[in-house]
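Notes follow once the structure below has been shown.
This structure is a prediction, so every number in the text was calculated from the model and none was measured. Chain A is the first sequence line, chain B the second, and so forth, proteins listed ahead of strands; every chain is numbered from 1.
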Protein chains: 2
Amino acid sequence: MNIGQAAEASGVSAKMIRYYEEIGLIAPPARTGNNYRVYGADQVHVLRFIKRARSLGFSLEETETLLKLWQDKSRTSAAVKDVATSHINDLERRIAEMQGMVKTLKHLSHCCGGDHRPDCPILDDLAGDSQAHTHNV
Amino acid sequence: MNIGQAAEASGVSAKMIRYYEEIGLIAPPARTGNNYRVYGADQVHVLRFIKRARSLGFSLEETETLLKLWQDKSRTSAAVKDVATSHINDLERRIAEMQGMVKTLKHLSHCCGGDHRPDCPILDDLAGDSQAHTHNV
DNA sequence: CTTGACCTTCCCATGATGGGAAGGCCTACA
DNA sequence: TGTAGGCCTTCCCATCATGGGAAGGTCAAG
C-alpha cells in the first residue's frame with residue numbers, strides 16, 4: 001500500500017504521515033525499489049489509533065505515550081487512565097476559561113444596542129472604561 | 001516612558017509590544033536620540049485595550065478590527081456587536097467540541113479499572129475496537 | 001511517447017508568544 | 001575615570017500541528 005492509500009484508509013493525510021515518521025511517532029516503513037513508502041494493515045491500524053487520539057484532543061506527545069502503552073502488553077490500565085484524566089482536566093480548564101469569556105461577551109453584547117449609533121459598551125469595556133461594567137438597571 | 005515601563009503599565013510584554021508594532025497593529029512610537037522607543041499614556045491605553053481583547057479570546061486580527069472601530073468615531077455599535085457575536089459563536093463551537101471530547105473520555109475512563117491489569121477500554125476505543133463502545137451494563 | 005497521477009524531498013507559512021545572543025546606552029558607585 | 005548592571009536595540013530560533021507548493025522522479029494507461 002502506498003502512502004496515498006494509507007492516508008485514504010486511515011484518514012491521516014500523506015503529509016501528516018510523513019511528519020509523524022519524521023518526529024518518530026511512527027516507525028519508518030519499508031520502501032519499494034523506487035523509494036516509495038509501503039504500508040501494511042498494521043501501520044494503518046496505528047495511524048487510525050493516532051487519528052482517534054487526536055480527535056479526542058490528545059496532543060501528539062500524549063498520543064505517543066498512549067501508543068506506547070497500547071503496544072506494551074504489560075501496561076497497567078491505571079497508567080492509561082492517568083493520561084486520560086489529566087487530559088480531561090486540561091480540557092475542563094480550557095472549557096471553563098472560554099465559558100468565562102462567553103459569559104462576559106454575552107453580557108456586553110446584551111448591553112450593546114447593535115444599531116447605527118456609535119455608543120458601544122463592548123468597546124467601553126475593552127477601553128477599560130469602568131462605566132461599562134455598570135449594569136444599566 | 002520606555003518600552004519596559006509601558007509593558008509594566010499595560011501588562012503587555014516588551015516582546016509583544018515590538019511584535020504588535022512589527023505587524024502594524026500599533027503605530028511605531030517616537031524614538032529618543034539613543035533609538036529607544038518612547039510611549040505616552042495614549043499608547044499604553046491602546047495596549048491595555050489589546051490586552052483586554054486578547055483576554056476575551058479575540059484574535060489579533062479581530063483585535064485590530066475592534067481597535068479601528070474604537071478609533072472610528074463614526075462607527076456603528078452594530079459593527080462592533082457583529083465582531084463580538086461571531087467570536088461568541090466561535091467560542092461556543094469550540095466549547096461544544098471539547099465538551100464532546102470530555103464526555104467520551106469520561107465515559108471511557110469510567111469504564112476503565114485504573115488498576116494493575118492491562119485491560120483498558122480507553123485503549124480499546126483508540127484502537128477502534130468496537131467492543132469498547134459497548135456499554136458494560 | 002505523452003499525459004496524468006502518483007511519489008520523493010525541501011522550504012515556507014500559519015498564530016501568538018517566549019528565549020536568548022550580540023551589542024549599544026546610561027546611571028550609580030568606588 | 002572605570003566598571004557593573006540594568007536597560008534598550010535587532011536578529012534568529014522554537015513552539016504545535018498542519019497545509020501549500022516547487023522541483024523532480026516513477027509508473028501505468030492510452
Per B/Tyr19 side chain, nearest of listed nucleotides C/dC10, D/dT18, C/dT17:
C/dT17
Roughly, in whole Å, what's the span from CD in B/Glu22 to P in C/dT14?
11 Å
Whole angstrom is fine here: how far is it from CE in A/Met16 over to P in D/dT18?
6 Å
Interatomic distance where CD1 belongs to B/Ile17 and C1' belongs to C/dT17 [whole Å]
14 Å
What's the CZ-C1' distance between B/Arg18 and C/dG19, to the nearest Å?
13 Å
Starting from the 5' end of DNA chain C, give me the residue, A/Gln5 or B/Glu61, whose nearest nucleotide shows up first.
A/Gln5
Integer-rounded Å distance: C/dC6 P and A/Met1 CE:
16 Å
Derivation and outcome, side chain to side chain contact (heavy atoms under 4.5 Å, CB included), residues B/Phe58 and B/Asp90
CA-CA 10 Å; B/Phe58 287 105; B/Asp90 190 45; over 6 Å; no
Nucleotide D/dC16, atom P - distance to CZ of A/Arg94 in whole Å:
14 Å
Can you check whether B/Arg54 has a side-chain N or O nearer than 4.0 Å to OP1 or OP2 of C/dT17?
yes
5'-most contact on DNA chain D (nearest-nucleotide basis), A/Gly33 vs A/Ser13, goes to A/Ser13
Parallel, tilted or perpendicular: rings of A/His45 and A/Trp70 (30°, 60°):
perpendicular
Under 4.0 Å between a side-chain N or O of A/Arg31 and OP1 or OP2 of D/dG25?
no
Of D/dA17, C/dT17, D/dG19, the nucleotide closest to the side chain of A/Lys15 is D/dG19
Can you tell me if A/Ser59 touches the phosphate of D/dC16, counting only side-chain N or O atoms and a distance under 4.0 Å to OP1 or OP2?
no
Does B/Lys51 reach the main-chain N or O of B/Val12 with its side chain, forming a donor-acceptor pair under 3.5 Å?
no
Could you tell me whether the phosphate oxygens of C/dC7, OP1 or OP2, come under 4.0 Å of any side-chain nitrogen or oxygen in A/Arg37?
no
Walk me through whether B/Lys68 and B/Glu64 qualify under side chain to side chain contact (heavy atoms under 4.5 Å, CB included).
CA-CA 6 Å; B/Lys68 283 177 181 159; B/Glu64 188 176 13; 3.6 Å; yes
Is the phosphate of D/dC27 approached by A/Tyr36 (side-chain N or O, under 4.0 Å from OP1 or OP2)?
no
Any B/Asn34 side-chain N or O less than 4.0 Å from OP1/OP2 of C/dC26
yes
Would you find a donor on one side and an acceptor on the other, under 3.5 Å apart, between the side chain of A/Asn2 and the backbone of A/Gly4?
no
